[in-house]
Amino acid sequence: MDSIPRRSLVLIQRGGRLAAVPADNIPDAHAPTGTELCCPPVPEELEPPKTERYIALCKAAFRPFTGGGEDFLLLHSATDFRALRAAVLAATDLCGKTLIAELVVCEDARMEDGTDVTAAAGVLQRIGVSTVIVTAEEPEHLTDALERLAPYVRISVGVRLPARWLLEGITLAGAELFRPVPGEDEAAFRAAVLNWKGYRAADRDHDDVILAPDGRDAHFIAPTVDISDEIVCDHRLYENLLEAEDEEAAMLKLVLEDEEGVQDLEDDLYMLSRPVCLCAETPELLEKALRAFYGLAVYDGTWEMEPEILKYFERKYGLICL
């Protein structure tokens with residue numbers, strides 16, 4: 001194993017804020033500082049449109065903490081991945097600050113709601129998150145998650161863990177940022193990071209395919225992927241998606257004809273198990289669908305849109321333009 005990379009940082013508390021300081025104790029007076037944003041719980045009886053209402057809750061909770069001089073915002077404690085992704089949209093609606101998102105993983109490199117960590121990071125890295133911090137209750141779960149992420153993630157990866165795991169030589173692929181668990185002594189944690197020998201350089205790969213998560217699972221497609229016939233998002237969407245399970249096409253083409261279709265899409269998102277191509281006649285309708293869909297949607301040019309609009313959708317929602 002390699003020693004810790006020289007550029008690695010440790011997140012510590014400083015004057016009521018987080019500070020990203022070098023692990024090797026060189027002077028850090030100008031270290032970036034940030035604010036923690038706890039994602040609000042998702043209300044049990046959230047009225048439709050649920051995603052937009054939750055985004056509004058997040059914006060109300062985050063707004064008082066986004067207008068200062070912080071360099072970054074750290075989003076954590078989301079109920080599930082769908083909520084975390086909505087919280088990221090809320091933060092990018094409010095400001096253009098650097099975003100860090102925390103992912104809690106369990107067995108099989110999946111979050112508690114079943115979301116694959118690669119799918120989660122694949123979405124987050126395309127919608128404005130610059131770093132993901134992965135944490136787990138068991139060291140092997142953390143190791144497995146980073147091994148799974150290593151070939152695909154294109155942003156910085158950090159970990160939140162006890163110093164004891166570092167002292168025991170845990171192997172972490174590509175970890176560059178370290179955050180202690182509550183109650184850890186800062187000096188002892190920094191010493192543990194500095195003396196840790198379990199670093200493994202991340203093996204970047206799979207640049208010849210496109211990561212297109214459906215919101216829960218990671219899918220990899222080629223630019224010439226087969227797309228299904230059009231499936232209209234209406235009151236029969238559930239039945240149509242059931243029928244589409246027998247189709248061989250690698251991607252489902254969902255068509256939005258009106259705002260009611262956006263609600264139908266949001267209601268039946270759990271039915272999706274393949275990459276999704278979203279089509280809408282107007283940019284306004286497509287944006288509503290993109291905000292509701294928590295995977296990475298594909299645009300195939302069915303309805304032509306201005307290049308500036310597509311660039312905005314790519315930047316804001318991670319839209320994949322074939």
Side-chain angles (χ1 to χ4, degrees), residues 38-46 48-51 53-55 58 75-89 101-127 129 132-153 155 157-161 173 206 209-221 237-238 241-242 244-245 250-252 254 264-276 278 289-298 317-318 320:
C38 181
C39 300
V42 179
E44 291 186 8
E45 300 298 329
L46 193 62
K50 294 183 178 181
T51 300
R53 292 191 186 279
Y54 182 70
I55 289 174
C58 289
L75 305 176
H76 65 89
S77 301
T79 305
D80 52 29
F81 176 68
R82 190 171 180 175
L84 178 59
R85 187 256 187 186
V88 171
L89 292 184
E102 186 172 276
L103 301 174
V104 182
V105 295
C106 304
E107 290 184 284
D108 300 322
R110 288 185 179 271
M111 300 173 67
E112 188 174 357
D113 66 351
T115 301
D116 181 279
V117 69
T118 303
V123 172
L124 296 176
Q125 69 185 1
R126 287 183 61 94
I127 64 171
V129 172
V132 290
I133 295 181
V134 185
T135 186
E137 292 188 0
E138 300 295 335
E140 58 269 24
H141 296 167
L142 186 58
T143 295
D144 291 347
L146 265 66
E147 289 291 338
R148 179 156 175 77
L149 276 179
Y152 313 111
V153 71
I155 54 177
V157 175
V159 290
R160 184 171 188 173
L161 76 176
H206 301 276
V209 292
I210 300 169
L211 175 57
D214 60 24
R216 181 181 185 275
D217 294 307
H219 302 281
F220 301 92
I221 61 174
L237 180 59
Y238 177 87
L241 290 175
L242 280 178
E245 289 182 356
M251 182 183 299
L252 299 177
L254 304 184
D264 292 319
L265 171 65
E266 186 174 54
D267 290 341
D268 294 329
L269 284 174
Y270 69 96
M271 290 287 296
L272 300 174
S273 58
R274 274 180 271 185
V276 170
L278 284 180
L290 289 170
R291 288 175 78 82
F293 178 60
Y294 54 97
L296 291 177
V298 172
Y317 307 107
I320 300 168

Inset, instruction - Working to the nearest 0.5 Å, report the span between CZ of R291 and CZ of R85. - result: 8.0 Å
Are [X] and [Y] side-chain neighbours, meaning at least one heavy-atom pair lies under 4.5 Å?
X    : Y    : result
V298 : I221 : yes
E112 : V104 : no
L124 : L84  : yes
R126 : I320 : yes
D80  : T115 : no
V117 : D144 : no
K50  : D267 : no

Between [X] (side chain only) and [Y] (backbone N and O only), is there a donor and an acceptor less than 3.5 Å apart?
X    : Y    : answer
R216 : G295 : no
D113 : F81  : yes
R274 : H219 : no
Y54  : P40  : yes

Inset, instruction - Begin from the C-alpha positions of D214 and L252 and carry the test side-chain contact (heavy atoms from CB on, under 4.5 Å) through to its verdict. - result: CA-CA 10 Å; D214 60 24; L252 299 177; over 6 Å; no
Inset, instruction - Only counting residues at least two apart or in another chain, list the ones meeting side chain to side chain contact (heavy atoms under 4.5 Å, CB included) with P49. - result: E52, R53, Q263, E266
Closest approach of [X] and [Y], non-hydrogen atoms and distance?
X    : Y    : result
C39  : A87  : SG-CB, 3.7 Å
A292 : L269 : O-CD1, 3.3 Å
L272 : F293 : CD1-CE1, 3.7 Å
G122 : L211 : CA-CD2, 3.6 Å
A86  : I55  : O-CG1, 3.6 Å
A150 : A173 : CB-CB, 4.1 Å

Inset, instruction - Quick one: do L142 and R160 satisfy side-chain contact (heavy atoms from CB on, under 4.5 Å)? Show the steps, please. - result: CA-CA 9 Å; L142 186 58; R160 184 171 188 173; over 6 Å; no
Legend entry - Positive for side chain to side chain contact (heavy atoms under 4.5 Å, CB included) with V157, one of L103, V132, I133: V132
Inset, instruction - For D217, check salt bridge (charged side-chain N to carboxylate O under 4.0 Å, His left out) against everything at least two apart and list the hits. - result: R110
Legend entry - V123 and V88: CA distance, side-chain angles, deciding distance, side-chain contact (heavy atoms from CB on, under 4.5 Å) verdict: CA-CA 11 Å; V123 172; V88 171; over 6 Å; no
